[in-house]
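Below is one structure; the comments refer to it alone.
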There are 2 protein chains.
Amino acid sequence: MNTKLDWGEMMDLNIPSFLRNQGIKASYQRIRIYEYLMNNRTHPTVAEIYNALITDIPSLSKTTVYNTLNLFVEKELVEEVTIEGSEMRYDIKDPEGHGHFKCTQCHRIFDVPVQIEKIFTDELSEFHVQAQFVHFVGICPDCLKKNS
Amino acid sequence: MNTKLDWGEMMDLNIPSFLRNQGIKASYQRIRIYEYLMNNRTHPTVAEIYNALITDIPSLSKTTVYNTLNLFVEKELVEEVTIEGSEMRYDIKDPEGHGHFKCTQCHRIFDVPVQIEKIFTDELSEFHVQAQFVHFVGICPDCLKKNS
DNA sequence: TCTAATTTTGTATTCATTACAAGTTTATCA
DNA sequence: TGATAAACTTGTAATGAATACAAAATTAGA
């Protein structure tokens with residue numbers, strides 16, 4: 001029997017204990033915000049997260065959403081996505097890392113796998129790289145199909 | 001004798017005609033802003049550009065800097081760099097493409113060469129990629145030296 | 001030169017984000 | 001359990017980057 005859980009399975013099981021493992025107190029608001037990010041891999045803005053949760057948590061303040069996301073970013077659970085627009089977007093940070101693709105037609109943002117290690121060049125070896133981000137702009141498969 | 005000029009040489013020679021080639025009227029303000037971006041590959045903010053030019057062009061308005069940069073971005077002469085902070089940064093767009101490296105210690109942003117074609121994976125072949133951006137966060141060679 | 005089109009400029013406005021302080025909840029320990 | 005401190009949440013006010021807009025200035029074409 002395989003008792004070893006991978007990252008995804010662990011997340012599904014128990015967000016509160018995951019947060020505590022990361023040194024974050026598992027308040028109701030934080031759990032619900034993290035859960036929302038897990039279930040909505042659409043790179044939501046603060047406003048989108050707030051609007052989605054306000055009916056369930058009537059006391060919720062936008063400031064709490066900001067505070068929580070900034071905490072998650074600081075603790076490296078969540079990544080800021082600044083692919084476009086004036087609003088910051090947020091995405092669960094997975095250990096493997098992935099890139100983002102912004103469709104200029106339907107405006108959706110996709111996660112795309114990226115062979116990040118292949119990016120490195122000789123020149124970069126002089127630097128100590130702690131994090132890397134890749135994003136693309138273009139037209140997604142769905143829109144390409146619609147166009148043809 | 002070699003009369004073929006590469007991109008860099010062409011730029012040095014004649015910004016006004018370069019702008020006109022790109023379908024942009026070569027006003028004094030636009031020339032000076034483009035020239036500033038050429039000579040200062042430090043990914044400046046609007047405020048930095050404005051402050052650098054205001055003594056030479058006392059009539060200059062921040063709105064003009066915004067307008068001009070948005071025009072340059074639209075015409076694909078200049079690239080928006082959103083590697084950090086709340087202010088947009090701007091960088092001359094070179095045809096080869098390059099990545100950016102943000103030093104967490106000295107806060108400078110470096111241009112780094114990137115083997116962009118190696119990033120592409122099978123999954124991405126379904127997408128029509130029009131532009132790609134890569135950036136890194138870490139510690140630059142200078143700061144690594146200082147630390148040791 | 002005259003007129004229309006384009007560009008620049010200054011001011012007012014928008015809106016995402018942060019600052020801050022008060023209120024609420026949670027943890028700790030006697 | 002109850003008292004006290006610490007941590008978290010909330011609402012309001014403030015900040016500041018970016019845009020909207022209209023008037024003034026400049027440029028282009030006839």
Side-chain angles (χ1 to χ4, degrees), chain A residues 15-17 19-36 43-75 77-91 109, chain B residues 15-17 19-36 43-75 77-91 109:
Chain A
I15 291 173
S17 66
L19 292 180
R20 277 189 290 268
N21 275 344
Q22 307 296 316
I24 293 173
K25 233 180 244 177
S27 76
Y28 182 60
Q29 289 85 341
R30 288 170 178 178
I31 294 166
R32 294 300 306 272
I33 291 170
Y34 193 86
E35 184 193 38
Y36 182 83
H43 318 88
T45 62
V46 165
E48 284 166 358
I49 298 168
Y50 174 82
N51 290 331
L53 296 178
I54 188 63
T55 43
D56 267 23
I57 318 172
S59 75
L60 186 66
S61 163
K62 246 178 198 168
T63 302
T64 298
V65 181
Y66 277 105
N67 288 342
T68 301
L69 290 170
N70 286 339
L71 177 70
F72 287 170
V73 169
E74 191 189 323
K75 298 285 188 179
L77 273 60
V78 162
E79 195 176 285
E80 294 181 324
V81 181
T82 54
I83 198 166
E84 65 125 19
S86 55
E87 281 170 278
M88 186 68 78
R89 294 175 172 278
Y90 295 88
D91 190 16
I109 297 175
Chain B
I15 291 174
S17 66
L19 291 180
R20 277 188 292 268
N21 276 343
Q22 308 296 318
I24 294 173
K25 236 180 244 179
S27 74
Y28 181 61
Q29 290 86 340
R30 288 170 178 177
I31 293 164
R32 295 300 305 273
I33 291 170
Y34 193 86
E35 182 194 38
Y36 181 84
H43 319 86
T45 62
V46 164
E48 282 165 358
I49 298 168
Y50 175 81
N51 290 331
L53 296 177
I54 188 64
T55 45
D56 266 25
I57 318 171
S59 75
L60 186 65
S61 163
K62 245 177 199 170
T63 301
T64 300
V65 181
Y66 278 106
N67 289 342
T68 301
L69 291 170
N70 286 339
L71 177 69
F72 287 172
V73 168
E74 191 189 324
K75 297 283 187 179
L77 273 61
V78 163
E79 196 177 284
E80 295 182 323
V81 181
T82 54
I83 199 167
E84 65 125 19
S86 55
E87 281 170 277
M88 187 66 81
R89 294 173 173 279
Y90 295 88
D91 190 16
I109 297 174

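A note on names: the letters A, B, ... follow the listed sequences, proteins ahead of strands, and every chain is numbered from 1.
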query = How many angstroms lie between atom CG of N21(A) and atom NZ of K75(A), to the nearest 0.5 angstrom?
reply = 12.0 Å

Straight-line distance of R32(A) CZ to I15(A) CD1, nearest 0.5 Å = 9.5 Å

Tell me whether the side-chain N/O atoms of [X] come closer than 4.0 Å to OP1 or OP2 in [N].
X: Y66(B); N: dT19(D); value: no
X: S27(A); N: dT9(D); value: yes
X: Q29(B); N: dT26(D); value: no
X: S61(B); N: dT8(C); value: no
X: T63(A); N: dT9(D); value: no
X: S59(A); N: dT10(D); value: yes
X: N70(A); N: dT18(C); value: yes

task = Please determine, for the side chain of L60(B), which listed nucleotide (dA18(D), dA17(D), dT9(C)) has the closest atom?
result = dT9(C)

inquiry  = Measuring from the side chain of K25(B) (C-beta onward, heavy atoms only), which nucleotide among dA18(D), dA28(D), dC21(D) has the closest atom?
reply    = dA28(D)

Rounded distance (Å) that lies between atom [atom2] of [N] and atom [atom1] of [X]:
X: L69(B); N: dA17(D); atom1: CG; atom2: P; answer: 15 Å
X: E80(B); N: dA18(D); atom1: CD; atom2: C1'; answer: 11 Å
X: M88(B); N: dT19(D); atom1: CE; atom2: C1'; answer: 13 Å
X: I54(B); N: dT8(C); atom1: CD1; atom2: C1'; answer: 12 Å
X: K62(B); N: dT13(C); atom1: NZ; atom2: P; answer: 19 Å
X: D56(A); N: dT9(D); atom1: CG; atom2: C1'; answer: 17 Å
X: L71(B); N: dT6(C); atom1: CG; atom2: P; answer: 13 Å
X: I57(A); N: dT24(C); atom1: CD1; atom2: P; answer: 18 Å

inquiry  = Quick one, Y28(A) and L60(A) - any side-chain contact, counting heavy atoms below 4.5 Å?
reply    = no

key: S61(B) to Y50(B) - nearest heavy-atom pair and separation   = C-CE1, 3.9 Å

request  = Indicate the atoms forming the closest heavy-atom contact of E87(B) with A47(B), along with that distance.
outcome  = OE2-CB, 3.8 Å

inquiry  = Just to be sure I understand the rule, does T64(A) reach a base, reach only the sugar-phosphate, or reach nothing, if contact means heavy atoms closer than 4.0 Å?
reply    = base

task = Could you check N67(A) against V46(A) and say which one's nearest nucleotide on DNA chain C is further toward the 5' end?
result = V46(A)

